Amino acid sequence: MVFDLDMIQKVYAAFPAKVAAARALTGGPLTLSEKILYTHLSEGLPQKAFIRGKDYVDFNPDRVAMQDATAQMALLQFMQAGRPKVAVPSTVHCDHLIQAESGAVADLTKALDKNKEVFGFLASVSNKYGIGFWKPGAGIIHQVILENYAFPGALMIGTDSHTVNAGGLGMVAIGVGGADACDVMAGLPWELKFPKLIGVKLTGKMSGWTSAKDVILKVAGILTVKGGTDAIVEYFGPGADSISCTGKGTICNMGAEIGATTSIFSYDEKMAEYLRGTSRKAVADLADGIREHLRGDDEVYNNPEKYFDQVIEINLSELEPHINGPFTPDLAWPISKFAAAVKENGWPSTLEVGLIGSCTNSSYEDISRAASLAEQAVNKGLKAKSEFTITPGSELVRFTIQRDGFLSIFDKMGGVVLANACGPCIGQWARHTNDPNRKNSIITSFNRNFAKRNDGNPNTHAFVASPEIVTALALAGDLTFNPLTDYLTNANGEKVKLEEPKGHEMPPNGFAVEDAGYQVPAADGSDVTIEVSPTSDRLQLLDPFAAWEGIDLKGLKLLIKAKGKCTTDHISMAGPWLKYRGHLDNISNNMLIGALNFFNEKTDNVKNQLTGEYGAVPAVQRAYKAEGIGSIVVGDENYGEGSSREHAAMEPRHLGVRAILVKSFARIHETNLKKQGMLGLTFADKEDYNKILEDDSIDILGLTSFAPGKQLSIQLNHKDGTSETILVNHTYNENQIEWFKAGGALNIIRSKVGA
Ligand code: SF4
């Protein structure tokens, strides 16, 4: 048993009373999302109900999940907290660093060798601090979470945007940055803007070729990639209860593609069946005991317009299979209209590769339905015309589908089974192609299809569909094939038609596995040593950041005045830099290289005030650091928008930038800066942005009386000897000012743990 029954018991014991209190406070019936959020408040109930989409609220999540790429910095930071163990149950999953090339066994062997150091580090940190560790090959984080840890009514954060998958088991599960995971593991609360609520009422029942994937492909078409922003999407209605638990997971998973905070279904019999079928009868029994509290109130679901900010209704009986794409997951095509769209838009109709599986669609139900088509193909003399790959989501699923003969059916159809890992879904794909410049089409049952996502090739037109549709199209080798109406020609020249896919929600003979790939952490990890080679270029242990020196910061050099959009990607680029995400000094060589210098309209080209010469931003900053001179970064509106990447706050801190002064911040980045002990300031008068000159030396004044709501002042010392003073605002509360003084939030935690 890898799940924590004690913790679940505690959550459920307190749940009904907390829900009743929340109902009394809000004065009305509650959605399931509200029940979960109000029962996980870090400071108890407030005086009045929260305003959706506006109030920032502190929560105590029940769990933390991390994938191998993002876990590195989260754990390096956590080690700074000085705790002997994580404060809440947490797990690490090795899934993102395995490249797909020739097949499961060979690819896994290669990845183990290439990433030995990182996997070894993650395993030893997990062992030491009481974190469950899922080895490379054990499976993809979200599938493993659904199979082992998700439980209705819970609140979980995970360092991956598809953490939301666990909404399929009735939990509020939200993707966050590593800094948030670190805080929660260290015992701090976690902040979220209280979400708006979108209700999706499902009526009718799916049949034939339609599957759960088509629900979310349809919803993505309606809401678009931005439609779910700052909202939880809650599914309900008779149709919702008819969808399998893993199908619900698929729908919630792709909620990330509409920008939703998360998505969720209420607890029902399908979830209970899944819990029992995955060796968690005890959890199902507990959930059954408070079943009515683990669902939205009837009054809400009967009158959704009164309680949701937006309501969408979909009749599953009328829902057609969909294919979405290319280049964006919200370009939704019912299959009956897709062939015409392919022709009209001139997309390459030859299908080169069909890929099924991933965290989105690799349940037993998905695989068994796709295998039913593969079996028909074999019996009818058909072989896949496209390349065809299968990525099982976990070893539990892989072992079971092998036992049940599905993998050998795929093999006969011409499929290749890849490792239980992300692989092609995240660009970890050494795709075989004879001409990367050729416009080409692929179709996957994954979730994202932005340009270059799968194979790094901008000429690849990636489409997204259910595993059933992907399998059928791979047999045809043609995007314009509609399996509902069209015929295929087999090896004997005969016309054959595929019958509707059939499968099982759960394996009739139960799940089986020999080695799930789980490492139980040491009961007492105090003797476990964590080895990081000092010469490693991928990992580097962190040193605590220095505390504030107790005086105003004077003589700071202007490092860059960034013009226009400056997202976390401009501040800390992804791509090839990702391999250094466990090595702060190395990854800092990408600091702000994407930001546009206001003074020369160039990227990665700023003036070194010490020499008068222009150079790369990180190099100039390192020159200041070498001389013990602090610096300041100036930015435009919404500085730091984009993914919550803690490196974007840590790199400037590491290289000696003391303050970021902008017209406005993206909230998450502003908080990340505060956590790292940086000063995040905004112009009181946005026009003052224009007063900052390239050769300015800058003093930040008023820090000795730094207080919430009290402006600081900044003196700009221009090269011509003149100076002027401007006022700046900040949003630091008492606690955050202590973070600044101590040199970072983790320094405070460490001092408390050590006290
Ligand atoms: S399979 Fe794809 S979407 Fe899922 S966790 Fe891996 S990279 Fe993310």
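Excluded from the calculations below are hydrogen atoms, water molecules and symmetry mates; all remaining heavy atoms, backbone and side chain alike, are included. Not measured: the values here are computed from a predicted model. Both counts, for ligands and for their atoms, begin at 1 and track the order of listing.
Residue-level proximity to ligand 1 for Arg453 is carried by the side chain, the only part with a heavy atom below 4.0 angstrom. At a 4.0 Å heavy-atom cut-off, ligand 1 touches His142 through the side chain alone. With a 4.0 Å cut-off on non-hydrogen atoms, Thr391 does not touch ligand 1 at all. At a heavy-atom cutoff of 4.0 Å, ligand 1 is contacted by the side chain of His96 but not by its backbone.
For the ligand labelled ligand 1, residue Asp95 lies outside the 4.0 Å heavy-atom shell.
Here the two rings, on Tyr274 and Tyr364, have centers that are 6.0 Å apart or farther. For an aromatic pair to be called close, the ring centres must be under 6.0 Å apart, and Phe3 with Tyr149 fails this. Here Trp347 and Phe463 bring their ring centres to under 6.0 angstrom of each other.
Remark: Arg280 fails to qualify as a cation-pi partner of Phe151 under the 6.0 Å distance and 45° angle criteria applied to the six-membered ring.
Scanning all protein heavy atoms for the shortest distance to atom 6 (Fe) of ligand 1 gives Cys422 SG, 2.3 Å.
A salt bridge between Glu505 and Lys270 is present, with a side-chain N of the basic residue lying under 4.0 Å from a carboxylate O of the acidic one.
In summary, an N, O or S atom of Cys359 is located under 2.8 Å from atom 4 (Fe) of ligand 1. Atom 2 (Fe) of ligand 1 has an N, O or S atom of Cys425 under 2.8 Å away, backbone or side chain.
Atoms of ligand 1 lying under 4.0 Å from any heavy atom of Ile426, numbered from 1 in the order shown and given with element: 7 (S). Each of the following atoms of ligand 1 lies closer than 4.0 Å to a heavy atom of Asn447: 3 (S).
Heavy atoms from other residues, nucleotides or ligands lying under 6.0 Å from CG of Leu275 number more than 12.
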Original post:
Going through the checks in order, is the ring pair (Phe, Tyr, Trp, His ring centres under 6.0 Å) test met by Phe450 and Phe327?
Top reply: CA-CA 4 Å; Phe450 298 113; Phe327 305 125; 9.7 Å; no
